[in-house]
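Report on the structure given below.
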Amino acid sequence: MRQSPSFSKRSGLGPWLLVPLLTLVLAACGEGTAVDPREESANEELSTGGASLAEFRLRVMAANITSGNAQSYDPGHGTRIFQGTKPDVVAIQEFNFGNNSATAIRSFVDTAFGSNFSYYRETGAQIPNGIISRYPIIAAGEWTDTQVSNRDFAWARIDIPGPRDLWVVSVHLLTSGSGVRNTEAGNLVNYIKANVPASDYLVIAGDFNTDSRSESCFGTFSQVVTTSGPHPVDRNGREGTNASRSKPYDNVLVDSDLVAYQTATVLGTSTFSAGTVIDTRVYSPLSDISPAQVGDSGSTNMQHMAVIKDFLLPGDDGTPVTSVRVGSPNGGESWAGGSSQAITWTSSGVSNVKLEYTTNGSTWNLISASTPAAAGSYSWVVPSTATTAAKVRVSDAANATLTDSSDAAFTITVSSGPGPTGPITVETESNDTAATASGRVGAGTAVSGSLSSGTDVDWFKFTVTTPGLVTVKLTMPGSVDLDWYLYTETDLNFFEARGYTTSNPEVGTYNAPAAGTYYVKVVGYAGGTSNYSLLVTGAGVQP
């Protein structure tokens, strides 16, 4: 049974001195301190971020993902993995960057996670352990690891939303043998029993260097955390976290109170029921965790894979805890103008989201004013505007202040090859999607086409140069029933107008609100097939 906290003897702090002294420590912002990165008000705002009414989503990561030859995060491979997976709390090992000054570490945290994140980094260690948190760190320190001289156990008490605090212990056990690791585990369990309130949540996470799950240290740790499966796996269902993926080196272990709230980890279009191991060499689609690159996990001396678990926790009573986060594009992608791509996001406590994009970093254009947040994905036809400064923004459709945008810019490419200079008169197969639509259909120029099978669908695009009335006319021979649907470039999921009666020709109008590219889809009713003629007219339609 864990007891009420009696703080580390290393710190010499009694609980009655912790709050005022911690305030002074935070102001110093040096290593070995729990660092409040900006202002208290920012932390207060963060404490209301999360999932549904009185709930919030917490993503915890274990990460010893340094690369290069200096056991540091300078090469940037690990940074991209952090940016792509967006953890809320990280138990980090080998916490080195630059010259390891407070300025350098702060710069790393800002880049990898955000300027609103706090951190604690143990002092006097060659390869220090640490904790990085989206939520305020209200106390932190280190407990002595008697088996090793170049690091200790780093711990932090975090003020997450809700009535209970989260205690995270960042560990880096020795490689010298299972007996040594069990001694380390026993020492740490004693620290936890003496200092961590049983009423709070507990996480032990990091680099265990364990050869198998039958090692005795897991039995020792089971006194305070749950060590049984199911365990996180990668895209191919593998558990191992060392470079060769054969051993369970890295773990996120939580107490029984917290494991009751574990939920699936969702990254872009992918879902992992028991959490996930991030190996960029096998992850697919990599756009889920952009800007991470395929070779990041295979970089020089990247000897470990990050491990993630998600939890859906009760927040403050009666307080709505909501969030939205962009999944992709999140920076670094290169998408072709005119192609169909998936915008993905995660959200909590939000009914509908508003989707926007920018090509210059400042002017935002509407994609969809409102789409169900629970969908988590939206098919978007990328505009044909070449840029290296594109971003996507996802907001609560009912509250514009609840928003998130791509962490970094992505690129939109436009083919420089020759294209038609005038309107087309015949469709070009395959034009079964908006991305491969035949075009351009000119005003008053009839285009002939054919639906050759019951599953054939034909897409066409036309250009509106000024707002105004557009008329679409679809003519079929005989009694075959074909229909048409009109879409805007920014919303290919919901039609704006349609001709779907038994009339021949099928004629309808649409009042185009803005200049831009529009699409017409031709389909056969009940699998009907036939030749046809499509005619688009309107004063604002490009000739």
Would you say the side-chain atoms of [X] pair up with the backbone N or O of [Y], donor to acceptor, closer than 3.5 Å?
X      : Y      : answer
Asn242 : Lys247 : yes
Lys309 : Val252 : yes
Thr66  : Gln71  : no
Arg281 : Val294 : no
Asn399 : Thr401 : yes
Lys86  : Val326 : yes
Asp200 : Leu166 : no
Ser406 : Pro329 : yes
Thr280 : Ser297 : yes
Ser377 : Ala342 : no

Residue pair [X] / [Y]: nearest heavy atoms and the distance that separates them:
X      : Y      : answer
Trp364 : Ser405 : CH2-CB, 4.2 Å
Leu188 : Val171 : CD2-CG1, 3.5 Å
Ser212 : Phe218 : O-CE1, 3.3 Å
Asp234 : Val282 : OD2-CG2, 3.7 Å
Gln223 : Val189 : OE1-CG1, 3.9 Å
Ser246 : Arg238 : N-NH2, 4.5 Å

Any side-chain donor near an acceptor of the partner, [X] and [Y], under 3.5 Å:
X      : Y      : result
Thr103 : Ser101 : no
Asn360 : Ser362 : yes
Thr387 : Thr359 : no
Glu333 : Ser290 : yes
Asp288 : Ser328 : no
Asn182 : Ser178 : no
Gln93  : Asn64  : no
Asn365 : Arg393 : no
Thr411 : Ser334 : no
Ser115 : Asp110 : no

Trp155/Tyr120 under ring-ring contact (aromatic ring centres under 6.0 Å, His included): CA gap, chis, key distance, verdict | CA-CA 8 Å; Trp155 61 269; Tyr120 170 78; 7.5 Å; no

Between atom [atom1] of [X] and atom [atom2] of [Y], what is the distance when rounded to the nearest 0.5 Å?
X      : Y      : atom1 : atom2 : value
Ser273 : Asp310 : OG    : CG    : 11.5 Å
Tyr378 : Ile343 : OH    : CD1   : 7.5 Å
Asp207 : Ser170 : CG    : OG    : 9.5 Å
Thr220 : Glu184 : OG1   : CD    : 11.5 Å
Thr241 : Ile65  : OG1   : CD1   : 11.5 Å
Asp296 : Ile81  : CG    : CD1   : 5.0 Å

May I ask you to say whether [X] pairs ionically with [Y], meaning some side-chain N is under 4.0 Å from a carboxylate O?
X      : Y      : value
Arg164 : Asp159 : no
Arg235 : Asp279 : no
Asp396 : Lys354 : no
Glu215 : Arg181 : yes

Intermediate values then yes/no, ring-ring contact (aromatic ring centres under 6.0 Å, His included), Phe221 and Phe208 = CA-CA 11 Å; Phe221 279 130; Phe208 288 44; 5.4 Å; yes

Of Leu258, Thr265, Val259, Thr263, the residue whose pairing with Phe311 passes side chain to side chain contact (heavy atoms under 4.5 Å, CB included) |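 That would be Leu258; it is the only one of Leu258, Thr265, Val259, Thr263 passing the side chain to side chain contact (heavy atoms under 4.5 Å, CB included) with Phe311.
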
Sort out for me which residue in Ile131, Asn100, Asn129 forms a side chain to side chain contact (heavy atoms under 4.5 Å, CB included) with Arg121.
->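 When Ile131, Asn100, Asn129 are each tested with Arg121, the side chain to side chain contact (heavy atoms under 4.5 Å, CB included) holds only for Asn100.
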
Leu253 and Val203: CA distance, side-chain angles, deciding distance, side-chain contact (heavy atoms from CB on, under 4.5 Å) verdict = CA-CA 6 Å; Leu253 304 180; Val203 174; over 6 Å; no

Which word best sums up how the rings of [X] and [Y] line up, parallel for under 30°, tilted for 30 to 60°, or perpendicular for over 60°?
X      : Y      : answer
Trp335 : Phe410 : tilted
His304 : Tyr249 : tilted
Tyr283 : Phe272 : tilted
Tyr119 : Phe95  : perpendicular

Reference residue Arg325; test salt bridge (charged side-chain N to carboxylate O under 4.0 Å, His left out); the match among Asp88, Asp407, Asp404 |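 When salt bridge (charged side-chain N to carboxylate O under 4.0 Å, His left out) is applied between Arg325 and each of Asp88, Asp407, Asp404, only Asp88 qualifies.
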
Can you find a pair of side-chain heavy atoms, one from Arg134 and one from Asn116, that are under 4.5 Å apart?
->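 Yes; the side chains approach each other to less than 4.5 Å.
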
Taking the six-membered ring for Trp, are the ring centroids of Tyr191 and Trp143 within less than 6.0 Å of each other?
->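 Between Tyr191 and Trp143, the centre distance is under 6.0 Å.
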
Stepwise, does the side-chain contact (heavy atoms from CB on, under 4.5 Å) test hold for Leu174 with Asn209?
-> CA-CA 7 Å; Leu174 268 176; Asn209 275 315; over 6 Å; no

Give the C-alpha distance, both sets of side-chain angles, the deciding distance and a yes or no for ring-ring contact (aromatic ring centres under 6.0 Å, His included) between Tyr73 and Phe108.
-> CA-CA 8 Å; Tyr73 288 88; Phe108 163 71; 5.3 Å; yes

Report the C-alpha separation of Ile412 and Val382 in whole Å, then their side-chain angles, then the decisive distance to 0.1 Å, and conclude whether the side-chain contact (heavy atoms from CB on, under 4.5 Å) test is met.
-> CA-CA 8 Å; Ile412 297 176; Val382 181; 3.7 Å; yes

Test side-chain hydrogen bond (donor to acceptor under 3.5 Å, both in side chains) applied to Thr146 and Asn187, step by step = CA-CA 8 Å; Thr146 61; Asn187 291 339; 3.0 Å; yes

Test side-chain contact (heavy atoms from CB on, under 4.5 Å) on Arg213 and Asn251 and set out the steps.
-> CA-CA 11 Å; Arg213 295 204 179 277; Asn251 293 272; 2.9 Å; yes

